[in-house]
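Below is one structure, written out as structure tokens; the observations come after it.
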Amino acid sequence: MLAGSFRAARWAALLLPLALMAGAWGSQLFGGLIPCEMCHWQRWPHYAAILLATLGFVLPSDGIKKVAIALAALAIITSGAIGVFHAGVEYHWWAGITACALPPASGGTADEMLARIMNTPVIACDVPQWSLAGISLAGFNALFSIGGGVAILLLLLRRQSA
């Protein structure tokens, strides 16, 4: 039987990245914010965490489930670490390592592809599109991801009283 702290860790490992991705996609699709390249970098570990946390519900062995949840927590923390780097670039504490990139233009004639490229906004990685109390979206991702990932690991390490 699974201990209460493991059940909590498993649900947190699934719901935290789902909530953060819902916020990211919601701000993009409904809020009109266009993610920069480093914003996309922060999303990939969350996608991995969602997959790993889902495996934590369906794998046959409790030991393997715990490994999947621990890996999900590390993926969440990784997204937070990328968020720290991105926030530092936004606050001009250090330089970014990438030039901002345009999404690929594929399909259609050469003139149509060129028109799409020319009409696509270039989103700078060093300019926050939104902030609250001086904290950008990358900063919030860093806070929630690192804090949540550490909390998940602590729940996994908690000993159950007999």
Side-chain angles (χ1 to χ4, degrees), residues 5-59 64-106 116-117 119-158:
S5 63
F6 175 71
R7 281 194 298 273
R10 185 169 61 172
W11 279 107
L14 179 63
L15 295 178
L16 177 62
L18 279 173
L20 290 171
M21 286 297 83
W25 278 100
S27 68
Q28 180 178 341
L29 298 175
F30 304 113
L33 300 181
I34 301 171
C36 72
E37 186 174 5
M38 282 195 270
C39 293
H40 285 291
W41 293 355
Q42 292 170 78
R43 293 180 183 192
W44 287 107
H46 283 308
Y47 297 143
I50 292 166
L51 175 64
L52 289 162
T54 301
L55 289 174
F57 282 89
V58 299
L59 290 170
I64 296 173
K65 288 178 182 181
K66 288 180 181 180
V67 169
I69 298 306
L71 291 172
L74 293 175
I76 293 166
I77 291 169
T78 299
S79 177
I82 297 168
V84 168
F85 179 76
H86 187 189
V89 170
E90 290 175 334
Y91 300 135
H92 304 286
W93 295 339
W94 47 73
I97 58 174
T98 179
C100 293
L102 293 174
S106 60
R116 276 197 306 275
I117 290 171
N119 291 321
T120 300
V122 177
I123 304 303
C125 294
D126 65 343
V127 178
Q129 292 188 48
W130 182 90
S131 67
L132 177 65
I135 302 172
S136 69
L137 289 172
F140 278 112
N141 179 57
L143 293 171
F144 290 130
S145 295
I146 293 171
V150 168
I152 292 164
L153 291 175
L154 290 174
L155 284 169
L156 283 176
L157 295 173
R158 180 184 282 175

Kindly give the heavy-atom pair with the smallest separation between [X] and [Y], and that separation in Å.
X	Y	result
Thr78	Pro45	CG2-CG, 4.1 Å
Gly56	Ala68	N-CB, 4.1 Å
Leu74	Leu153	CD2-CD1, 4.1 Å
Ala142	Gly83	CB-C, 3.9 Å
Ala12	Pro17	O-CD, 3.9 Å

Once rounded to the nearest 0.5 Å, what's the spacing between atom [atom1] of [X] and atom [atom2] of [Y]?
X	Y	atom1	atom2	value
Leu16	Phe144	CG	CZ	9.0 Å
Met38	Glu90	CE	CD	7.5 Å
Ser5	Leu155	OG	CG	6.0 Å
Thr54	Arg10	OG1	CZ	11.0 Å

Side chains of [X] and [Y]: does their closest heavy-atom pair fall under 4.5 Å?
X	Y	result
Leu137	Leu33	yes
Cys39	Gln28	no
Ile152	Ile77	no
Arg158	Phe6	no
Ile69	Leu52	no
His86	Ser136	no

Inset, instruction - Check side-chain hydrogen bond (donor to acceptor under 3.5 Å, both in side chains) between Trp25 and all other residues, then give those that pass, not counting sequence neighbours. - result: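 side-chain hydrogen bond (donor to acceptor under 3.5 Å, both in side chains) check on Trp25 returns Tyr47.
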Inset, instruction - Evaluate the side chain to side chain contact (heavy atoms under 4.5 Å, CB included) criterion for residues Leu55 and Leu71: first the C-alpha distance (whole Å), next the side-chain angles of each, then the deciding distance (0.1 Å), finally the verdict. - result: CA-CA 11 Å; Leu55 289 174; Leu71 291 172; over 6 Å; no
Inset, instruction - Hey, could you give me each pair passing side-chain hydrogen bond (donor to acceptor under 3.5 Å, both in side chains) that has a residue in residues 138-153? Not counting sequence neighbours. - result: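 Only Gln42-Asn141, His46-Asn141, His46-Ser145, Ser79-Asn141, Asn141-Ser145 qualify under side-chain hydrogen bond (donor to acceptor under 3.5 Å, both in side chains).
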Legend entry - Whether Trp11 and Phe57 hold their rings parallel, tilted or perpendicular, with breakpoints at 30° and 60°: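 Judged by the thresholds at 30° and 60°, the geometry between Trp11 and Phe57 is perpendicular.
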